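The structure under discussion appears below in the form of C-alpha cells.
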Amino acid sequence: LAPLPPAPPPPTQEELDKKAEAERIANIPPDYKAPYVSGAKNAMYLGGACIGMGMAAPDVAFSSMFTTFALSNIIGIQCVLGVTHALHSPLMAVTNAISGTTALGGMHLMAHSTSGFANFLGASATALSTVNIVGGFIVSGKMLDMFKRPDDPPEYYHYYGAPAAATAALYGGAHMAGFPQVDAAAGTLAGLLCIGGIGGLSSQETARLGNVSGQAGVALAVASTFGTLHCSPGTAMSIATMMGVGGAAGYVIGNKVEPTSLPQTVAAFHSLVGLAASGAAIGDYWNTPDPTTLDSVHLASIYLATVIGSVTTTGSLVAFGKLDGRLDSAPMQLEMKDQINIGLGAATLGAGAVVMGAPGFGLGMTMLGGSFLTSGALGWHTAASIGGADMPVVITVLNSYSGWALCAEGFMLQQPLLTTVGALIGCSGAALTKIMCDAMNRDILSVISGGFGTKATGKGEAMVFEGEATMTSVDDVVGQLKEAQKVIIVPGYGLAVAKAQYPLQEMVDVLTKAGKEVRFAIHPVAGRMPGQLNVLLAEAGVPYDLVEELEEINDDFDDTDLTLVIGANDTVNSAAEDDPNSEIAGMPVLRVWNSKQVIVMKRSMAAGYAGVDNPVFLKDNTDMLLGDAKDTCDKLATEIKGFYNK
C-alpha cells in the first residue's frame, strides 16, 4: 500500500485569529435603524442649511439666485446619474464645452471695461473660453461618432439647425422690438438646452442629440448675452474677434486630438476655463470704481471665482503634464506636505477675509491677487502629490471645480444662466468623482491627499502569496482561443498605452464570425479617464453592445471558457476580496479567476499602481503571456485570421 500523505500543518495563531474575527463580524446582527438615522440627519442638515441661507440672504435677488442654484443641483445630479458608464468620456467633453460659458463673463467685462487692463482680462477670458466651447464640442462629437455601428440607420441631426436658427432669429426680432423679458426667456431656454445636452447622454440612441442640444444651448447663451450688453459696434466687433480667434484655436485642437490623448486634452481644457473664470473675476474687481461699495455677495463671488478658478488652472496643468508624460506620474512627496497645504489654505482664507471686509482698492487688489497665487500654488501642490493612476478622480474633481467657478461668476454678474450651467457641471464632476471613488472603495480625501488604501483596509499585515507563475506562448493561447466557445476580454490602461485595440478588434471580429461568444468587461476606473476604454474600443470598431460593465458581467465569469486580461492589474486582483489587510481591500474587482482559464498579458510581472501583488497570476488556471500588448495582439490576430480564413 502507498504511504498516506503527511497531515496538513496545524493553523497558525494568526490564521486562527483571522478566522475568529471573521466569525465575530459575521455574527454581528444588522442595524436596521442606521440608514434611517443617517437619512434623518441629512434631512436635518438640509433643512437647517436652507433656512440659514434664507436668514443670511441680503436681498430678493440673492434668494432668487440661490433657488436657481439649488434646483440646478438637483437636476444636474439626476441627469448625470442617468448617463451610462460607456459615455462618461463624452459626458466630460460635453460638460467641458458647456463650461466655456465663462466666455459670458469675459463678454460682460469687455463691454463695460473702464481700463485697458480690465479689457485685456475680459478679452483673454472670452478667447480662452471659446477654445473650450468649440474644441470641447468637436471632441465630444468625434467620440460619439466612434460608437456608430455599420448597420445603424442614417442620422439627420443637422435638421435641428433650422429650429435653432429660427429661435435665434425670433429672439433677435423680439429683442429689437423692445420686449423687456425676452432676454431672460432666451437665457432660460439656453439653460434647458444645456440640461438636455447632459440628459441626452443617458443612452447611445440619444447621445448625439444631446450633443446637438448642448451646442444650441451655448450658442443661444452667447446670443442672449450679446442682447443684454448694449455695447458699441466697435466693442461688439472686438468681442466677436476674440471669440473667432478662440474658436479657430479650438477647431484646430479638437480635430487633432486622438482617442488616446483625450484625458490630457480634457485636463488642458479645464485649465482654460479656470483661468478664464479667475481673469473675469479679477477684472470685475479692477473695473469697480469704488470696491468699498460692493456688497458681501458680490465680494464673495469675486473671491470664490478667483480662488476656484486658480486651483482649477494649476491642478489641471499638473494633470495634463502627468497624463501627457511631461511630468513624472509618481506622486511628489515633499516633507511636511500636509503642513504646506494647510499653510497655503490658511493664507488663501486670510486674504479672502480681508477682501470680504471691503477695503480700499489697493489693499483689496493685493489680497485678491495674493489669494489667486496661494490658491494656485495649493492646486499645483495637491495635484502633483497624487499619482498618475488616480488622475481619473483628479480630472472629475477639476471638472466639478470648473462648474463651481462658473456658479460664482453667475452670482457675481447676477446671471441665472451661469449659475444653472455651473451647478450642472459642478454636480456632473461631483457625481463622477463619487462613482470613481466607489469603484475603488476609496475616500475622496484619501485620493486628494495622495494616500493609499481603501475604506476597508485593515491595520494588520497584508497576506504574502507564494507560488510560481506559469508562462505561456502565443501558439498555446491561439490553441485555447480555437477551443473556447465563451471568451471575455478585460482591457486595462496597458492596452491604451500600447494602442492594441486595433489588432484586438480584428481578432474579435474573426472569432465572432466563427460562432464564438466574445465580450469585453470594463472596470469603472480602467484607463486614465472615466469611460476612456469604451471610447478606444469603439474607435477601433468594437460594437458597444459587446462591451459590458463590472456589474453586468461579473457573475458570468463562472461560465466562461477563457478570459484574456490585457494590461489590467489592480482591477482583477483577488486580494481585494481575499485579504482584509490589502491596500485594495473591498475594492470591486472583475472576478476573472472564476473562469476556466485565464491568460494575463502584461509587459512584466510587476505589481499595479497600488503596489499590491496579484495572487491571480499564481493560480493554477492562470498563464502569463509577457510582452508588448500591441505586438502580442498582432501575433494573435495574425494566427487566428490565418486559421479561420483558410
Side-chain angles (χ1 to χ4, degrees), residues 85-86 260 263 329 387-392 436 439-442 454 469 472 477 487-501 503-505 507-508 518-537 540 542 546-554 556-557 560 562-578 582-584 587-595 597-619 621-633 636:
H85 173 80
T260 51
S329 64
D390 278 336
M391 283 302 113
M436 295 294 103
M440 296 186 292
N441 198 32
R442 300 272 303 277
T454 66
T472 189
V477 175
V487 179
I488 294 178
I489 300 173
V490 181
Y493 183 58
L495 176 128
V497 172
K499 298 184 179 180
Q501 65 269 29
L504 184 62
Q505 189 277 331
M507 183 184 76
V508 170
V518 184
R519 293 178 293 166
F520 289 82
I522 304 290
H523 193 278
V525 296
R528 289 295 180 266
M529 178 178 172
Q532 182 190 12
L533 286 176
N534 299 79
V535 173
L536 292 178
L537 293 174
V542 176
L546 296 183
V547 183
E548 299 186 25
E549 311 305 326
L550 182 145
E551 296 82 2
E552 300 171 324
I553 203 170
N554 228 5
D556 295 348
F557 285 107
T560 300
L562 180 64
T563 295
L564 294 180
V565 179
I566 307 176
N569 197 330
D570 294 334
T571 56
V572 296
N573 194 329
S574 59
E577 297 187 354
D578 299 337
S582 171
E583 291 284 3
I584 58 172
M587 171 179 168
V589 291
L590 290 159
R591 302 188 188 100
V592 299
W593 59 89
N594 288 335
S595 55
Q597 183 65 40
V598 182
I599 303 295
V600 178
M601 298 164 55
K602 290 177 86 268
R603 279 188 175 273
S604 68
M605 292 290 294
Y609 167 71
V612 180
D613 290 332
N614 194 336
V616 173
F617 299 169
L618 309 177
K619 292 184 180 292
N621 65 334
T622 300
D623 291 334
M624 305 295 297
L625 183 59
L626 301 183
D628 178 76
K630 186 177 186 303
D631 180 58
T632 304
C633 287
L636 290 174

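Since we're looking at a predicted model, the values are computed, not measured. Count residues from 1 along the sequence.
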State, to 0.1 Å, how close [X] and [Y] come at their nearest heavy-atom pair, and which atoms those are.
{"X": "Lys602", "Y": "Phe617", "result": "CD-CZ, 3.6 Å"}
{"X": "Trp593", "Y": "Glu577", "result": "CZ2-OE1, 3.6 Å"}
{"X": "Leu495", "Y": "Gln501", "result": "O-OE1, 3.9 Å"}
{"X": "Val565", "Y": "Val592", "result": "CG2-CG1, 4.1 Å"}
{"X": "His523", "Y": "Ala439", "result": "CE1-O, 3.4 Å"}
{"X": "Leu562", "Y": "Ile599", "result": "CD1-CG1, 3.7 Å"}

Straight-line distance of [X] [atom1] to [Y] [atom2], nearest 0.5 Å:
{"X": "Thr472", "Y": "Gln597", "atom1": "OG1", "atom2": "CD", "answer": "8.0 Å"}
{"X": "Thr632", "Y": "Leu625", "atom1": "OG1", "atom2": "CG", "answer": "5.0 Å"}
{"X": "Asn573", "Y": "Asp578", "atom1": "CG", "atom2": "CG", "answer": "9.0 Å"}
{"X": "Glu548", "Y": "Asn534", "atom1": "CD", "atom2": "CG", "answer": "11.5 Å"}

With a 4.5 Å limit on heavy-atom distance, are the side chains of [X] and [Y] in contact?
{"X": "Val542", "Y": "Val508", "value": "no"}
{"X": "Met529", "Y": "Val535", "value": "no"}
{"X": "Leu546", "Y": "Val518", "value": "no"}
{"X": "Leu533", "Y": "Phe520", "value": "no"}
{"X": "Val598", "Y": "Asp623", "value": "no"}
{"X": "Asp556", "Y": "Arg519", "value": "yes"}
{"X": "Ile553", "Y": "Leu590", "value": "yes"}
{"X": "Glu551", "Y": "Pro588", "value": "no"}

* Kindly determine whether Thr571 and Met587 satisfy side-chain contact (heavy atoms from CB on, under 4.5 Å), including the steps that lead there. => CA-CA 8 Å; Thr571 56; Met587 171 179 168; 4.1 Å; yes
* Asked: Quick check: are there more than 12 heavy atoms from other residues, nucleotides or ligands sitting under 6.0 Å from NZ of Lys619?
  ->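 Yes.
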* To do: Sort out for me which residue in Thr560, Thr563, Asn621, Thr622 forms a side chain to side chain donor-acceptor pair (under 3.5 Å) with Ser595.
  =>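 With Ser595 as partner, side chain to side chain donor-acceptor pair (under 3.5 Å) holds for just one option, Thr563.
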* Are the side chain of Asn614 and the backbone N or O of Ala575 linked by a donor-acceptor pair below 3.5 Å? ->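 Side chain of Asn614 to backbone of Ala575, a donor-acceptor pair under 3.5 Å: no, none is there.
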